[in-house]
Amino acid sequence: MFDRKTFVEININNYLHNLQLIKDRNKSNIIPVLKADGYGHGAIQLSKAAYDFGVDLIAVAFLGEGIEIKKNGVNIETLVFNYVTPKYIKENIENFIYTIGSLDQLEELINYFGKDIKNIKLHININTGMNRMGLNIKDLDKMIKIIKDYNLNIHGIYSHFATADNLDDFVKEQYELYINAVNYIENANINIPIKHISNSAASLFFPEYSLDYVRPGIATYGLQPSDIKIEKNLKPVLTWKSIVARIGILKKNESVSYGRTFFADKDIPIATIPVGYADGYFRQLSNKGYVLIQGEICNIIGRVCMDQFVVETTKIPEIKLGEEVVLIGKQKEKQLYAENLAKLAGTINYDITSKITKRVPRVYIEEA
Ligand SMILES: Cc1ncc(COP(=O)(O)O)c(C=O)c1O
């Protein structure tokens with residue numbers, strides 16, 4: 001597994017630091033979002049760490065993700081964000097909290113379960129402007145009638161911000177719509193034990209909107225939720241390391257890699273890094289990305305292949321076969337952030353870490 005000496009190191013201490021930072025800022029509980037295998041960091045190990053930290057509820061996108069976490073011995077209450085077919089809810093009725101994301105879905109569940117629908121622990125997602133999931137405000141009366149008629153087990157009501165990372169006025173608009181909806185439901189004598197709306201950006205920049213819980217994903221991994229406002233106190237959790245697998249000289253007028261997109265204008269020293277797009281290293285980083293070797297920036301030349309790419313190593317006179325290469329993370333005094341690669345690849349940090357494939361082993365480190 002470690003034959004190629006390419007791996008991702010996950011720092012549990014930094015994960016716990018980020019959870020504590022968010023908790024302190026909001027003075028509320030946290031629902032860490034661990035979908036997409038914890039944004040590529042490893043949902044099983046991080047849900048264990050979150051549980052030991054004192055978290056009592058986590059969230060995933062799909063039921064299968066939650067089953068995987070429980071199967072690996074993490075017995076923590078888990079909210080599933082997305083639609084789940086009634087048959088699968090029935091098979092897993094006791095172990096999870098399910099989201100109602102539309103009136104149609106609620107009606108489908110009534111048709112399938114009848115009176116037994118009361119055995120499902122539910123959170124209602126209210127659509128306040130994201131228009132992706134969530135029951136529409138105009139359907140609140142119908143929902144309230146169903147909650148009463150079927151004695152539904154409503155454990156929580158939430159919504160989701162569309163623009164908290166932009167820090168714009170729409171955040172307040174959505175918050176007010178949400179609070180009005182909550183008041184409307186409570187005025188109909190329905191008890192809502194848990195209220196939550198804040199993602200990472202809101203939990204860092206709008207702590208006044210934290211309710212019973214905040215629901216951050218990206219910031220728990222120490223990644224920036226916004227490119228407008230930087231939160232310096234977050235600590236990146238993930239470091240991606242590899243090695244120098246070949247050292248060479250690219251002669252003047254020679255090209256490198258597929259398609260011959262880079263030609264040397266003089267003799268240049270080069271090194272091959274055994275990582276490619278099949279590991280989730282973005283092909284868009286061809287001729288754009290860089291790595292750290294001996295704490296120096298080494299630029300990618302030519303195209304990123306499936307299993308390798310090549311960098312220029314002019315700044316490193318004494319390079320050695322097998323020496324450490326950092327693709328994301330710190331080496332000596334330099335730090336290469338997932339955000340740096342995201343910018344160069346024309347995407348966001350979420351995309352960079354969640355696409356690191358299973359071919360790259362995750363190693364978990366925690367200092368006592
Ligand atoms: C419903 C919901 N809540 C919370 C989050 C966490 O968002 P972020 O990673 O920006 O904190 C997500 C992620 O997209 C989500 O879909």
Side-chain angles (χ1 to χ4, degrees), residues 15 18-19 21-23 25-26 28-43 46-47 50 55 57-63 65-66 77-84 96-102 105 122-135 155-168 170-171 174-175 178 194-207 209-231 233-234 236-238 338-339 342 347-355:
Y15 182 65
N18 299 326
L19 291 184
L21 173 82
I22 297 166
K23 191 173 160 71
R25 185 156 311 173
N26 291 278
S28 70
N29 294 306
I30 307 180
I31 306 171
V33 177
L34 286 147
K35 60 191 177 133
D37 201 21
Y39 295 34
H41 293 65
L46 292 189
S47 58
V55 160
L57 178 60
I58 61 167
V60 292
F62 300 109
L63 177 60
E65 296 177 328
E77 188 124 62
T78 304
L79 169 66
V80 180
F81 286 149
N82 273 287
Y83 173 88
V84 181
F96 296 94
I97 303 175
Y98 295 94
T99 293
I100 296 295
S102 68
Q105 186 195 359
L122 295 171
H123 277 215
I124 309 277
N125 180 348
I126 304 281
N127 177 23
T128 55
M130 182 74 178
N131 288 307
R132 175 181 71 171
M133 284 291 278
L135 194 127
H155 182 250
I157 298 205
Y158 69 92
S159 191
H160 191 50
F161 288 127
T163 61
D165 57 321
N166 288 342
L167 297 102
D168 67 14
F170 195 56
V171 183
Q174 280 194 274
Y175 181 75
Y178 171 76
I194 289 180
K195 296 164 198 140
H196 49 106
I197 188 166
S198 292
N199 57 0
S200 293
S203 62
L204 290 174
F205 309 133
F206 300 93
Y209 296 155
S210 71
L211 298 156
D212 302 305
Y213 284 74
V214 291
R215 215 175 53 236
I218 198 82
T220 65
Y221 307 108
L223 299 169
Q224 297 294 329
S226 166
D227 46 17
I228 292 176
K229 192 167 171 181
I230 301 304
E231 174 53 63
N233 295 313
L234 290 173
V237 171
L238 181 149
E339 287 79 4
T347 185
I348 52 174
N349 49 8
Y350 299 66
D351 203 10
I352 294 287
T353 62
S354 65
K355 290 236 177 76

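Note that ligands are numbered from 1 as they come in the structure, with each ligand's atoms numbered from 1 the same way.
Listed by atom number, the atoms of ligand 1 under 4.0 Å from R215 heavy atoms are 1 (C), 2 (C), 3 (N), 4 (C), 5 (C), 6 (C). Those atoms of ligand 1 that come under 4.0 Å of a heavy atom in P216, given as number and element, are 11 (O). Those atoms of ligand 1 that come under 4.0 Å of a heavy atom in S200, given as number and element, are 8 (P), 11 (O).
What sits closest to atom 10 (O) of ligand 1 on the protein, heavy atoms only, is Y350 OH, 2.6 Å. When hydrogens are left out, the protein atom nearest atom 5 (C) of ligand 1 is H160 CE1, 3.7 Å; that is the closest non-hydrogen contact.
Counting heavy atoms from C-beta outward, M130 and N125 have side chains that stay 4.5 Å or more apart. When side chains are defined from C-beta on, Y158 counts as touching L79, because their heavy atoms get closer than 4.5 Å. Using a 4.5 Å cut-off on side-chain heavy atoms (C-beta onward), P225 and N199 make no contact. Put simply, the side chain of F205 does not reach to within 4.5 Å of the side chain of I228, judged on heavy atoms.
Contacts of K35 with ligand 1, taken as heavy-atom pairs under 4.0 Å, involve the side chain alone.
Looking at every heavy atom in both residues, Q174 comes nearest to G129 through NE2-N, 3.8 Å.
Between the choices F161, Y39, Y158, Y221, the shortest heavy-atom distance to atom 6 (C) of ligand 1 belongs to Y39. Nearest-heavy-atom check against atom 16 (O) of ligand 1 across M130, R132, M133 picks out R132.
Where the criterion is an N or O separation shorter than 3.5 Å, residue side chain and backbone included, I218 meets it with respect to ligand 1. The shortest N or O to N or O distance between A219 and ligand 1 is not under 3.5 Å.
With rounding to the nearest 0.5 angstrom, the NE2 atom of H196 is 9.5 Å from the CG atom of L211.
Just one of T353, I352, I348 meets the side chain to side chain contact (heavy atoms under 4.5 Å, CB included) condition when paired with Y350; it is I348.
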